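Input: a single structure, listed below in structure tokens.
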Amino acid sequence: MSSRSTFRARLLVGLVALLLPMALACRATPVKTGAAPAAPAAASTAPQEVRVYVTEWAFTPDKIRLPGGRPVTLILENKGQLDHDLTIPALNVSLTATAGRTARTTVMADKDGTYDAYCAVTGHRELGMRASASISGAGTGHDLSAHEAAALDASAAQAAQHVSHATVATTATRGNEELAYRLTDDGVKVFDLKAQHFNWEVLPGELVDAYGYNGQVPGPVLRVQEGDRMRVNLTNELPEPTVIHFHGNRLPNTMDGVPDVTQKLVHPGESYSYEFVAEPAGTFLYHTHHNSAVQEAKGLYGMFLIEPKDGPRVQADKEIIQVLSETGGFYVINGKAFPATEPITAKVGERVLVRLANLGQMTHPMHAHGHPFKIVATDGYPVPEAQALTKDVVNIGPGERYDILFELDNPGTWVFHCHILSHVQNKGVEPGGMITVFQVSAT
Ligand SMILES: [Cu+2]
């Protein structure tokens, strides 16, 4: 080292010592941002900000670079739907950012090296939330060159762009939105469905050619009460004819939606109305019944829920809908492949009802970690309590529905997934596909 840089290093170390007695007294111990120096004269000893983005199930960047020998403010920005932390044992860092929030801490990084970093929330490390933190320049009072600072900024900016893109992808497009109805003067609940052709994002940046109702895969949820008179207006905006079949519920033959058997095809630009009394109560479906192997696989399906008129059959704190399918070469739950599938969050002591439906063309053995579940309804029909099987795998075939009830008593990050292991891949890469993270918090 040249005498000039040695002198500069000593000067910087001296300045740090002068301005940061607390930080130096507890080296490698996080100090509150408030304790960081507000020293306009010493730009190089102001904490260097290092921003890390976190989402399910990754840190960006996953190779975190920290300048050594000076205070560093670590900023953890959580763009995900679950709480996460950034834990770096070697630096005594344990920084928690709740979903959608940002947290920060200032540390002195004074030992060169590369250290393990991860999310310490139970199960998250195992799901791939690992990173490394590299410190360089410790002991020299090394201040980042303009070039290094610019490189760090650029990588943070790139990370920001990357993560915000992912966030848009996983939250801006969702299926299963509950469809509002209009009530006519004579008490008919009217729903409007448009069959449309669009691109659907199954994974961040991964668009598949889709057909769907009202721009969604699965289409919007139709929820009514047993005994309601309902009308569904279908408008065909597809480049080909279509129809709707209501699947599982009782209805007049003329409303069954089978082309050339009960009705004529609805051609592009045409509309057709289905009207019937909703019965019985249960978990039912609606889907196309024309050119089905193409149209249904592209996403022309949705949930049709008829609630019992005398209140729910099963008391649950939370209802989750999961529609399985294979779309555009991806194995999807509610139109998304893991890690874009929506996590289920609940607390110990809660009861979670999952309405599981299969609108794909394959059978999927869905397996729950951590908790068994009770099968409380099959194809919409209630299972008498004495016959309700307790299982941790339910094999669901095309067109079937199972209502399964979890009684949560085991905190942790569990997964609920298809046990055909090529179905938990995205085009051959594991993990992906039909996996949902089931986050059970202790309180
Ligand atoms: Cu499967």
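Quick caveat: nothing in here was measured; it's all calculated off a predicted structure. In listed order, ligands and their atoms are each counted from 1.
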If you measure from CG on Asn334 to NZ on Lys336, what distance do you get to the nearest 0.5 Å? 10.0 Å
Return a table of donor-acceptor pairs under 3.5 angstrom between the side chains of residues 391-400 and protein atoms on other chains or two or more places apart.
residue	atom	partner	partner atom	Å
Lys391	NZ	Val393	O	3.4
Glu400	OE1	Gly397	N	2.6

Can you list everything that forms a side chain to side chain contact (heavy atoms under 4.5 Å, CB included) with Asn291? Sequence neighbours excluded, please. Glu240, Val294, Gln295
For residues Phe373 and Phe406, establish whether the separation of their ring centroids is below 6.0 Å. yes
As a test of understanding, state which of His369, His364, His423 forms a ring-ring contact (aromatic ring centres under 6.0 Å, His included) with His417. His369
Could you grab the protein N, O or S atoms closer than 2.8 Å to the Cu ion (ligand 1) for me? His364 ND1, Cys418 SG, His423 ND1
For Val190, which residues count as a side chain to side chain contact (heavy atoms under 4.5 Å, CB included) partner, sequence neighbours excluded? Arg182, Thr184, Val188, Asp192, Arg231, Asn233
